[in-house]
Visitor: 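Got a structure for you, written out below as structure tokens; questions coming shortly.
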2 protein chains.
Amino acid sequence: MDYLGRQLRLMQSMQQQRVSAMLVTHMPNIRYLCGFTGSAGVLAVFCGNNRRKPLLAFFTDGRYTIQAKEEVSGARIVIAKQAAMAGATEWLSRAAGQAMGIEADHMTIAQRAALSKAVAGKFRFKELSQVVERLRAIKELEEIHSIQAAVRLASGVFDAVVQDIRPGMPESGIAAEIEYMCRRLGAEGMSFDTLVAAGARSALPHGVASQNPVPANGFVILDFGVILAGYCSDMTRTVHMGRPDKNAVKMYEAVLESQLAGIDSVKPGVETSKVDSAARKILVKAGLGRYFTHSTGHGVGLEIHELPSLRKGSSPAQRKQKRTLGRSSVKSTVPDVLEPGMIITIEPGAYVPGCGGVRIEDMVLVTDTGCEVLTPTRKDLIVI
Amino acid sequence: MDYLGRQLRLMQSMQQQRVSAMLVTHMPNIRYLCGFTGSAGVLAVFCGNNRRKPLLAFFTDGRYTIQAKEEVSGARIVIAKQAAMAGATEWLSRAAGQAMGIEADHMTIAQRAALSKAVAGKFRFKELSQVVERLRAIKELEEIHSIQAAVRLASGVFDAVVQDIRPGMPESGIAAEIEYMCRRLGAEGMSFDTLVAAGARSALPHGVASQNPVPANGFVILDFGVILAGYCSDMTRTVHMGRPDKNAVKMYEAVLESQLAGIDSVKPGVETSKVDSAARKILVKAGLGRYFTHSTGHGVGLEIHELPSLRKGSSPAQRKQKRTLGRSSVKSTVPDVLEPGMIITIEPGAYVPGCGGVRIEDMVLVTDTGCEVLTPTRKDLIVI
């Protein structure tokens, strides 16, 4: 992974934000910038005094002495006797009197209060929003390969598990099979709680696998992802137990058409809300608009939900308000236009309470000219 | 679960903190107070106007319409058209002019900024720390039973998996077996990334299972837990591949003696730091003090790390400073004395870099007169 390149791009962003020092506290951002995969630490970044590249120091505790040495790239490692945050702030005292950036989306009010007390007026804080996240939205080639490998692993598991689904199996049993196979194939873990929602439960857009048995007739939504070399995958397929009736087929086909329309709209320069509306209008036309209760997709990378977010567009009035809000203390810098190298999900769904639901989700890479669907799994309705 | 009792105890705490309204935003706290198990929502609590019990409203989005109806107890459900936080704040406008509590340990700076803008001076915010967490530290009987069930499930899986460990197996293969068996026995998931650290990697106190093979000789640390009915378990055992040499046996025995000393010190009224020092002094005496690089334990419940924390005691000077900090805007109310109904881990360890490590961890219930070890698994050194 190109840690130096990332650190240099961060320096550019910091200069745009007019901060010469920054405390990175969100662990996936720390991993992105220096490679540390553990669960505790603070990364201090200094890029003042006309430096050509930033100076970084990573502060963690005694549990991670060996691991930090093995993993951290381009940053000095400090095993803090005191709290990591206090150590990092002290190290940054070379930037005293200047503006210190903090991650407003992740730092809690309590951490901020402790920090203010620790630095006692030596710094001016600047609350930054999504500075590292914006960098992370555009994937490097090596990241794309990692994500492709995760996607392929999960797709293979879907193909194998779907063969074994039988009426009467508990949803959690199917989840167990999926997770076991993913692990055996090398996954470090699942990227979120595996969703298996069968029969009427398929109308739950976020149906974590329960002990309920799969019925003899009805939809089963399978939504899962793996973590491989730190990178997440995310896929959903909906299968049908028993022969689907006309309404079920119609619903499935509408969701599939919606998903394909969403994918069709993906190319560089397109507003993310336009992708949402491309998918949404198909479901509205099919009379299912009010059953599509979530957004069309999201970025995926070191975290399962990353930038960009593919949501409903806001009205001109709301946009004006958003711009006003954007000028508040916390700068909003959400990318709302697709760029090459982004990896997103396209996952429309329709959920009819008491009846059932369908969701189809692929991962899609934004290329220079359009997009490439990364998920190889078939999308015609599988009947079991 | 006794949601009404919890809500009444929260009202008492709110009255002590002199707030008549509170926004609960931390999902495990929301689950504790009203039963909702989904991943998005805000709980608004109002207890002003001389009410005898608090008034609650739970705000979530369209993904959770059905689930909220099925799960939420003692709170009105509102499927918010706008953001849940904005809806909750508006609903609480009956408390305008009064103090509104927010969860400073969980609310981010960015959320706080958006909230301030939304309420535009109608409220005085009061940053609260660990108000619901303090209630959660003392388990109800039903919670104790849930945790016992989770502990027993995991212990059974340990007994089964330990039989199958062979040199050459990848750590991640062992983790896969553990997780699969847990799932098949009904676990909703693992309570944290399964740690399997073999050979020299056992010197990593937080060694997430890697692709590395288990060596023919050396320690293997297995640290894992399940989630059952929402409640977590946590256990660690260290086994030895091949015949252990004298030093390995000595190290194992020292850690075991330390763990037993820790357990021996657990009873109501004891300061949590005293439990840490009871365990720590055995390892110091054995010359392993500097290799025990973490704290002795933590509370367990809906989350894997809860109150209380069993850490090194602070010096009188530090304590004074802590008290001063405690009077800052964020009130510190960490319980540092054991009480009946607390469930904690006791998990000392020793980690010699380049060589190997040992950790032994049980879950322990604080009873009226002492404690009860919940983990039934044997603790003599298992040689494979």
Visitor: Suppose a student defines contact as a heavy atom less than 4.5 Å from any heavy atom of chain B. Which residues in residues 203-212 of chain A would they list?
Guide: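 Contacts with chain B: A:A203, A:L204, A:P205, A:H206, A:Q211.
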Visitor: Working to the nearest 0.5 Å, report the span between CD1 of A:I109 and CZ of B:R112.
Guide: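 A:I109 CD1 to B:R112 CZ: 5.5 Å, rounded to 0.5 Å.
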Visitor: What is the minimum heavy-atom distance between B:A110 and A:D105, and which atoms define it?
Guide: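 For B:A110 and A:D105, the tightest heavy-atom pair comes out as CB-OD1, 3.6 Å.
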Visitor: With a 4.5 angstrom heavy-atom cut-off, is it the side chain or the backbone of A:S39 that approaches chain B, or both, or neither?
Guide: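 For A:S39, side-chain heavy atoms alone lie under 4.5 Å from chain B.
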Visitor: Of all the residues in residues 169-178 of chain A, which have a heavy atom that comes within less than 4.5 Å of a heavy atom in chain B?
Guide: A:S172, A:A175, A:A176, A:E177
Visitor: I'd like to verify something: which residue of B:D61, B:T194, B:T108 has the highest number of heavy-atom pairs under 4.5 Å with chain A?
Guide: B:T108
Visitor: With a 4.5 angstrom heavy-atom cut-off, is it the side chain or the backbone of A:Y64 that approaches chain B, or both, or neither?
Guide: side chain
Visitor: List in chain and number order the residues that pass salt bridge (Lys or Arg N to Asp or Glu O under 4.0 Å) with B:E188, two or more places apart in sequence or in another chain; answer none if no residue qualifies.
Guide: none
Visitor: CG/A:D193 to CD1/B:I227 distance, rounded to the nearest 0.5 angstrom?
Guide: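 These two atoms lie 7.0 Å from each other.
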Visitor: According to salt bridge (Lys or Arg N to Asp or Glu O under 4.0 Å), who are the partners of B:E179, at least two apart in sequence or on a separate chain?
Guide: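 In terms of salt bridge (Lys or Arg N to Asp or Glu O under 4.0 Å), with neighbours along the sequence ignored, B:E179 is linked to A:R183.
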Visitor: Give, for atom CE of B:M190 and atom CE of A:M190, the distance between the pair rounded to the nearest 0.5 Å.
Guide: 13.0 Å
